[in-house]
Protein chains: 2
Amino acid sequence: MPLKVRKNHSPKPPPSCPLTECMGIIGGAWTVNVIWSLRAGPRRFSELRVDIPPVSPKVLTARLRELEARGVVTREVKPTSPPSVEYALTDLGAELVPAIEAIVEVGHKLKGAPDALVANG
Amino acid sequence: MPLKVRKNHSPKPPPSCPLTECMGIIGGAWTVNVIWSLRAGPRRFSELRVDIPPVSPKVLTARLRELEARGVVTREVKPTSPPSVEYALTDLGAELVPAIEAIVEVGHKLKGAPDALVANG
DNA sequence: TATTCAGGTTTCCGCCTGGTAACCTGGGGT
DNA sequence: ACCCCAGGTTACCAGGCGGAAACCTGAATA
C-alpha cells in the first residue's frame, strides 16, 4: 500500500499573480458564458439554463456561487411564488465584459481545425 | 463489466459558439501567461520557462503547439548552435492582449477568500 | 571522451472537474 | 389530495489534464 498523502497539507502556495488568480475563476466551465449572458441585464436561474443549454444545474449553481463569492455577480431572491432568483453583474463583473468581447472576437477568427497540424510541411 | 464506450464515436458536437471555442484554447493551464509573456516581443522556450517558473516543459510545449495550430503564435527556429526557437504573437494573438489586460485588471480587485462562503448566514 | 546546452518527448499517475440522474422544499392552482 | 414550478442539492463516476521525472538529439566545447 503506497500511502496516499493528502494534498491539503499546506494552505496552498499563493497564486500571487492576479492573472492566474482571475483565470482560476473565469476558467471554470461555462463561467464566461454566464457573464456574457448577464451583460445585457439581470437574468434568472432558469433563464440562464436556457441561454446556455448544455450547462447542468449543478455546475451552474457552482459557477454562480463562486462568482458571487468573488464579487462578480449579485444574487437577489424575489418574494414571488414560486420565488425567483435574479443574478446580475456587479461593477467588477462589468469590467470583464470587454475582455470577453475581445475573446469572442478572436473566437470568430480562429481556425477550427487542430488537424491542420498534419497537413503543413 | 460495464462496457466502456469510446467517446471518439462521432466527430464531436461543434462548439458553434466562438466564445466557448476560444475559451477552449486560452482555458488551458498557463496559456494566458504565455501570451502575456509574449506581449512585449518574441521569446525563446527557455525564456518562457523562466517567465513562468511553475510550468513544466511538457505543458509548455503542448500550449505552444496548440497556439501555433490555432494561429495565435508563430514558431521560428534560429540556425544557431544549439538551435534556439523563438515564439511570437501573430496579429491574431495580439488581439488577445487587451482581453488579458482586462482580466489582470479584475484579478487585482478580486477578493481572495473563497472561504468567505462559510462565514455568511 | 564527456559534458553542456536548447528544446523538447515519453511515461506514469493522481486529482479535480464536470456530467448524469435522482431527490428536495414550499406555495399555489385544480 | 395531487402535481407543478423554481431553484436548487446530493451521490456517484469517468476521464482529461496536468505534475514529476527520466530520457533524447546534435553540435560545440573542454
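Each chain gets a letter, A, B and so on, in the order its sequence line appears, and its residues count up from 1.
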Open item on the list: Just the rounded figure in Å: distance from P of C:dG8 to CD of B:E68.
Closed with: 10 Å
- [ ] Could you check which of D:dG7, C:dG8, D:dT9 has an atom nearest any side-chain atom of A:S46?
- [x] D:dG7
TODO: Would you classify B:R49 as touching base, sugar-phosphate or nothing, given that sugar-phosphate means primed atoms plus P, OP1 and OP2, and contacts are heavy atoms under 4.0 Å?
DONE: nothing
Task: Side chain to side chain, A:E86 and A:K78, heavy atoms closer than 4.5 Å - done: yes
Task: Min side-chain heavy-atom separation A:W36-A:I52 under 4.5 Å - done: no
- [ ] To the nearest Å, give me how far apart CD (A:E76) and P (D:dG7) are.
- [x] 12 Å
Task: Separation of B:I103 CD1 from B:E101 CD (nearest 0.5 Å) - done: 10.5 Å
Open item on the list: Taking only side-chain N and O atoms of A:Y87, does any of them lie within less than 4.0 angstrom of OP1 or OP2 on D:dA6?
Closed with: no
- [ ] Might you work through the side chain to side chain contact (heavy atoms under 4.5 Å, CB included) test for A:V85 and A:R75, ending with a clear yes or no?
- [x] CA-CA 7 Å; A:V85 182; A:R75 177 177 188 273; 3.7 Å; yes
TODO: Using the closest heavy atom to pick a nucleotide of DNA chain C for each, name whichever of B:A62 or A:P57 lands nearer the 5' end.
DONE: B:A62
TODO: Take atom CZ of B:R44 and atom C1' of C:dG7, then tell me their distance rounded to the nearest Å.
DONE: 10 Å
TODO: Nearest 0.5 Å please: distance from the CD1 atom of B:I26 over to the CD atom of B:E66.
DONE: 12.5 Å
TODO: Please state how far atom CG in A:L60 lies from atom P in D:dT9, giving the value in whole angstrom units.
DONE: 11 Å
TODO: Examine C:dG7: is either OP1 or OP2 under 4.0 Å from a nitrogen or oxygen in the side chain of B:R43? Give yes or no.
DONE: no
TODO: Tell me whether B:V50 is reachable from B:L60 by hopping between hydrophobic residues (I, L, V, M, F, W, Y) whose side-chain heavy atoms are closer than 4.5 Å.
DONE: no
- [ ] Indicate for each nucleotide in nucleotides 25-30 of chain C, in 5' to 3' sequence, whether protein heavy atoms under 4.0 Å reach the base (B), only the sugar-phosphate (S), or nothing (-).
- [x] -BSS--
Restricting to nitrogen or oxygen on both sides, can you table the protein-nucleotides 17-20 of chain D pairs closer than 3.5 Å?
unit_1	atom_1	unit_2	atom_2	d
D:dG18	OP1	B:A29	N	2.8
D:dG18	OP1	B:R63	NH1	3.4
D:dG18	OP2	B:R63	NH1	3.3
D:dG18	OP2	B:R63	NH2	3.1
D:dG18	N7	B:K58	NZ	3.4
D:dG19	OP1	B:W30	NE1	3.1
D:dG19	O6	B:K58	NZ	2.3

- [ ] Output the distance between atom CD1 (A:I35) and atom CG (A:L67), rounded to the nearest 0.5 Å.
- [x] 5.0 Å
TODO: Mind calculating the distance between CE (B:M23) and C1' (C:dG18) to the nearest angstrom?
DONE: 15 Å
- [ ] Applying salt bridge (Lys or Arg N to Asp or Glu O under 4.0 Å), name anything that partners A:E105, two or more places apart in sequence or on another chain.
- [x] none
- [ ] Figure out the CZ/P separation between B:R65 and C:dT10, and round it to whole Å.
- [x] 11 Å
Task: Shortest side-chain distance from A:F45, nucleotide among D:dG8, C:dG8, D:dA6 - done: D:dG8
Open item on the list: Under the criterion side chain to side chain contact (heavy atoms under 4.5 Å, CB included), I'd like the reasoning laid out for A:L110 against B:L92: C-alpha separation, chi angles, the key distance, then a yes or no.
Closed with: CA-CA 8 Å; A:L110 281 176; B:L92 181 59; 4.3 Å; yes
